Amino acid sequence: MTALETLRESSPVVSVGILTADLLSLGSELALLERCGVQVVHVDAMDGCFCPMMTVGPPLLKALRTLLLKDVHLMIDEPLNKVADYVAAGADIITIHPERCSHIHRTLQQMRAMKNANNSERGLVRGVGLNPGTPLEVLEPLLDELEMILVLAVNPGWGGQKLIPSTRGRVEKVKRMIADSGRDILLCLDGGVTRDNIGEVVNWGVDMIVTGSAVFDGKAAEGNARFMLEQARMSRQ
Ligand code: DX5
Ligand code: ZN
């Protein structure tokens, strides 16, 4: 089964972000997610240019040994010549941003030819992410070259921010755009999803929900992960 088919079948999927996890214990944090039945781990790669923080590069991504699908969110400048390294390091889903990318269409075309390094049968899910201030029209010429659209509900850079209210309207518009395209494109919402609003967010009809600090809050990651999964499962029935 391809990664896209797995995600489609399990929609809405919870992708857990590790930005606020215990970075010195990532192995056991990932084992905890697997134990709870999480299917996808969200890895925020920041380069200190696109957004102020620096996080992980390909070597750390490669070191994450896990059965989970690796959902890699590249918040980096000019990804054209960098995506191949992240794919070689084991990305299953790889999202790039148009805001600081001179050749977004070409980058997506280039990704079409890349093989999934974990398992070549799985294919790659190519995502395009949009900052809250980016007009949605940028997506139109890209719809034939992507499998996922990631709507950022917070400004890129940090975990634990509040979901920006205008996100709901943006999600509605992107859903319409996807329906009109007639293509199988996943819609992902990233940022600001908490225990209190996950129920509402799944009702918006997104296929994947990224949640970071609501799971890795420094206290009860296992209970939090199970709670978020249960909320997504309930909406599926
Ligand atoms: C923001 C990142 C998000 C963020 C999610 O730059 O892309 O993935 O870490 O974290 P929470 O769920 O804490 O908003
Ligand atoms: Zn992210």
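Scope of the values below: all heavy atoms of this structure, side chains included, with no hydrogens, waters or symmetry mates. Because the structure is a prediction, the values reported are computed rather than measured. In listed order, ligands and their atoms are each counted from 1.
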### Message
Checking one value in my table: which N/O/S atom of Asp44 lies closest to the Zn ion (ligand 2)?
### Response
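For Asp44, the N, O or S atom at the smallest distance from the Zn ion (ligand 2) is OD1.
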### Message
Of all the N, O or S atoms in His42, which has the shortest distance to the Zn ion (ligand 2)?
### Response
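Considering only N, O and S atoms, His42 comes nearest to the Zn ion (ligand 2) through NE2.
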What atoms of ligand 1 come closer than 4.0 angstrom to any heavy atom of [X]?
{"X": "Gly191", "value": "14 (O)"}
{"X": "Met75", "value": "6 (O), 7 (O)"}
{"X": "Thr211", "value": "12 (O)"}
{"X": "His42", "value": "8 (O)"}
{"X": "Trp158", "value": "1 (C), 6 (O)"}
{"X": "Gly160", "value": "11 (P), 13 (O), 14 (O)"}
{"X": "Ser213", "value": "11 (P), 12 (O), 13 (O)"}
{"X": "Met46", "value": "6 (O)"}

What I want to find out is whether [X] reaches [Y] closely enough, with some N-O distance under 4.0 Å, to be called a salt bridge.
{"X": "Arg35", "Y": "Glu222", "value": "yes"}
{"X": "Asp92", "Y": "Lys70", "value": "no"}
{"X": "Glu230", "Y": "Arg226", "value": "no"}

N or O contact, [X] vs ligand 1, cut-off under 3.5 Å:
{"X": "Val210", "result": "no"}
{"X": "His73", "result": "yes"}
{"X": "Leu152", "result": "no"}

### Query
Where do Met228 and Val215 land on the side chain to side chain contact (heavy atoms under 4.5 Å, CB included) test, with the steps shown first?
CA-CA 8 Å; Met228 298 308 247; Val215 170; 4.1 Å; yes
### Message
A side-chain contact here means heavy atoms from C-beta on lying under 4.5 Å apart; do Asp44 and Asp190 qualify?
### Response
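Contact flag for Asp44/Asp190 side chains = yes.
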### Query
Does a side-chain heavy-atom distance below 4.5 Å link Pro12 with Ser235?
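Yes - at least one pair of side-chain heavy atoms lies under 4.5 Å apart.
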### Message
Treating Glu29 as the side-chain partner and Asp22 as the backbone partner, does any N or O pair qualify as donor plus acceptor under 3.5 Å?
### Response
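Yes; at least one donor-acceptor contact below 3.5 Å.
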### Task
Report yes or no: does Arg126 contribute a side-chain atom to a donor-acceptor pair with the main-chain N or O of Leu108 at less than 3.5 Å?
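Side chain of Arg126 to backbone of Leu108, a donor-acceptor pair under 3.5 Å: yes, one is there.
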### Query
Stepwise, does the side chain to side chain contact (heavy atoms under 4.5 Å, CB included) test hold for Leu189 with Met208?
CA-CA 6 Å; Leu189 183 114; Met208 188 155 89; over 6 Å; no
### Shortest non-hydrogen contact between Val193 and Thr211, atoms and distance
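Of all heavy-atom pairs spanning Val193 and Thr211, the closest is O-OG1, 3.3 Å.
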### Task
May I have the angle between His73 ND1 and Asp190 OD2 with its vertex at the Zn ion (ligand 2), rounded to 10°?
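Vertex at the Zn ion (ligand 2): approximately 90°.
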Identity and distance of the protein heavy atom lying nearest [atom]:
{"atom": "atom 6 (O) of ligand 1", "value": "Gly157 N, 2.8 Å"}
{"atom": "atom 14 (O) of ligand 1", "value": "Gly192 N, 2.9 Å"}
{"atom": "atom 8 (O) of ligand 1", "value": "Asp190 OD1, 2.7 Å"}

